[in-house]
Visitor: 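Take a look at this one; I'll ask things after.
Index from 1, following the sequence. The figures here come from the full heavy-atom set of this structure, side chains too, leaving out hydrogens, waters and symmetry mates. Note that the structure is a prediction, hence the values are computed from the model and not measured.
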Amino acid sequence: VSQSRYDPTPLGEQKLDWALVKHVDPDDIPKGLFRFMLIDPAGGKKNGKGDAWAIGLIGVRPYLDDTGASDVYLLDLIAEPMGEAEALEAIVRMYIGGGLIRQLGVEKVAMSSVEVHVANALRARGRPVSIESGTLALLRPGGRSKEERIVQNLQYPLIHGKIHMSKAIPEGFRQRMKLEMDKFPFWHDDILDMLSYGYDLIKSYRFGRHVKTYRDWE
């Protein structure tokens with residue numbers, strides 16, 4: 001099916017190449033990353049089955065290189081169908097175990113209230129987050145289709161070798177991401193959707209655009 005009516009460059013020609021993701025040992029992940037957590041909630045039913053929740057923790061080296069992009073590390077990942085209660089437990093575990101998380105982003109579509117339940121669950125564990133404090137952000141499509149957002153946000157850093165993935169992430173989730181990239185845009189895209197929102201969050205955070213060396217941040 002032609003995608004040209006949705007985008008001047010057909011998405012079929014903008015394949016996201018799994019081979020461009022850099023896989024790194026946990027010991028080789030840089031220190032001092034700025035950490036962000038992202039939640040792409042399940043959206044109901046697909047083909048009689050529940051959508052997958054995609055929950056991820058990313059670390060960003062806080063400076064831009066000559067390409068105008070930062071190194072991004074996918075540090076932790078969960079992507080599977082879950083009920084809300086199970087998902088909230090997984091979110092709390094990842095948040096508490098994720099170190100200093102500067103901002104938590106939750107996709108906000110229509111009248112969904114996932115961010116409220118997430119904030120309540122974290123508050124109950126002594127980890128308050130809020131929009132007012134800047135520790136919680138709502139992630140919105142912004143008039144873009146999901147496919148447009150994924151291509152716009154992920155293709156450039158992929159081509160320039162800026163997306164890294166920890167080998168500590170369970171193999172099942174890593175293979176799920178590979179399948180999403182191999183079959184994009186004609187299969188599930190829960191992980192890609194979540195990761196693309198990470199770039200929205202980074203853009204709005206506006207950190208260290210003029211830092212010249214990583215040592216300055218250390």
Side-chain angles (χ1 to χ4, degrees), residues 26 29-46 50-62 70 72-142 144 146 149-150 153 165-166 168-170 172-173 176-177 188-208 217:
I29 294 174
K31 306 297 183 184
L33 299 176
F34 280 26
R35 295 182 174 222
F36 302 86
M37 190 167 158
L38 307 158
I39 302 170
D40 181 18
K45 299 290 183 178
K46 278 186 180 178
D51 287 352
W53 287 70
I55 307 165
L57 175 67
I58 63 172
V60 185
R61 293 189 74 175
S70 299
V72 172
Y73 293 79
L74 186 53
L75 304 172
D76 200 357
L77 174 65
I78 297 173
E80 58 188 359
M82 292 181 283
E84 186 174 275
E86 183 183 0
L88 288 174
E89 290 179 6
I91 290 165
V92 169
R93 285 196 304 270
M94 187 181 292
Y95 190 93
I96 291 176
L100 175 60
I101 296 175
R102 295 176 178 271
Q103 200 167 43
L104 169 65
V106 183
E107 183 184 40
K108 176 74 171 181
V109 179
M111 300 300 292
S112 67
S113 57
V114 173
E115 77 282 358
V116 175
H117 301 304
V118 169
N120 289 339
L122 287 172
R123 186 178 301 109
R125 296 294 297 273
R127 301 296 180 95
V129 296
S130 68
I131 295 173
E132 293 74 19
S133 67
T135 52
L136 176 64
L138 301 182
L139 305 172
R140 302 179 187 272
R144 302 161 295 176
K146 185 184 296 188
R149 182 176 69 253
I150 289 171
N153 284 359
M165 190 175 199
S166 172
I169 291 173
F173 297 143
R176 163 75 184 233
M177 182 171 168
H188 298 283
D189 51 19
D190 305 288
I191 297 173
L192 299 179
D193 192 27
M194 177 271 294
L195 188 57
S196 74
Y197 270 129
Y199 281 86
D200 283 354
L201 201 63
I202 293 169
K203 290 174 186 175
S204 65
Y205 201 75
R206 299 181 184 278
F207 52 73
W217 284 93

Visitor: Working to the nearest 0.5 Å, report the span between CG of L77 and CD1 of I55.
Guide: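 CD1 of I55 is found 9.0 Å from CG of L77.
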Visitor: Donor-acceptor pair, distance only, cut-off 3.5 Å: does the side chain of R35 make one with the backbone of G98?
Guide: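 Looks like yes, one N/O pair under 3.5 Å.
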Visitor: Is any side-chain heavy atom of R176 less than 4.5 Å from a side-chain heavy atom of E80?
Guide: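 In short, these two side chains do not touch, never coming nearer than 4.5 Å.
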Visitor: Between W53 and I39, is any pair of side-chain heavy atoms under 4.5 Å apart?
Guide: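 They are in contact (side-chain heavy atoms under 4.5 Å apart), so the answer is yes.
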Visitor: Any carboxylate oxygen within less than 4.0 angstrom of a Lys/Arg side-chain nitrogen, looking at D200 and R144?
Guide: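 Yes, charged N to carboxylate O under 4.0 Å.
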Visitor: How many angstroms lie between CG in L38 and OH in Y199, if you round to the nearest 0.5 Å?
Guide: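 It is 11.0 Å, given to the nearest 0.5 Å.
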Visitor: Pairs of donor and acceptor atoms involving the side chains of residues 105-113, under 3.5 Å and at least two apart or interchain, shall be tabulated with distances.
Guide:
from, atom 1, to, atom 2, distance (Å)
E107, OE2, Y197, OH, 3.0
K108, NZ, S112, O, 2.4
K108, NZ, E115, OE2, 3.0
S112, OG, V109, N, 3.4
S112, OG, V109, O, 3.1
S113, OG, H117, NE2, 3.4

Visitor: Starting at CG of D76, measure out to CZ of F173 and round the result to the nearest 0.5 Å.
Guide: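 Reported to 0.5 Å precision, the distance equals 9.0 Å.
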Visitor: Give, for atom CD1 of I91 and atom CG of L57, the distance between the pair rounded to the nearest 0.5 Å.
Guide: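 Output value for this atom pair is 12.5 Å.
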Visitor: Taking C-beta and beyond as the side chain, do N153 and K203 meet within less than 4.5 Å on heavy atoms?
Guide: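 The answer is yes, as the side chains (C-beta and beyond) meet within the 4.5 Å cut-off.
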Visitor: Going through the checks in order, is the side chain to side chain contact (heavy atoms under 4.5 Å, CB included) test met by L122 and V118?
Guide: CA-CA 6 Å; L122 287 172; V118 169; 4.0 Å; yes
Visitor: Where do P128 and T135 come nearest, in terms of heavy atoms and distance?
Guide: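 Result for this residue pair: O-OG1, 4.3 Å.
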Visitor: In Å, rounded to the nearest 0.5 Å, how long is the span from CD1 of I150 to CE of M194?
Guide: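 The distance works out to 10.5 Å.
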Visitor: Are side-chain heavy atoms of Q103 and F34 found at a separation under 4.5 Å?
Guide: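 They are not in contact (no side-chain heavy atoms under 4.5 Å apart), so the answer is no.
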Visitor: Does any part of the side chain of S70, heavy atoms only, come nearer than 4.5 Å to the side chain of I202, both counted from C-beta?
Guide: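 I202 vs S70: side chains apart.
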Visitor: What pair of heavy atoms forms the shortest contact from A52 to A79, and how long is it?
Guide: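 So the minimum-distance heavy-atom pair works out to CB-C, 4.3 Å.
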Visitor: Can you name the closest pair of heavy atoms from P26 and A168 and give their distance?
Guide: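 Looks like CG-CB, 3.6 Å.
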Visitor: Of L75, L195, I101, which is the lone residue that meets side-chain contact (heavy atoms from CB on, under 4.5 Å) with I58?
Guide: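 Passing option: L195.
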Visitor: At what distance, to the nearest 0.5 angstrom, does CG of L100 lie from CG of L33?
Guide: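 Taking CG in L100 and CG in L33, the distance rounds to 11.5 Å.
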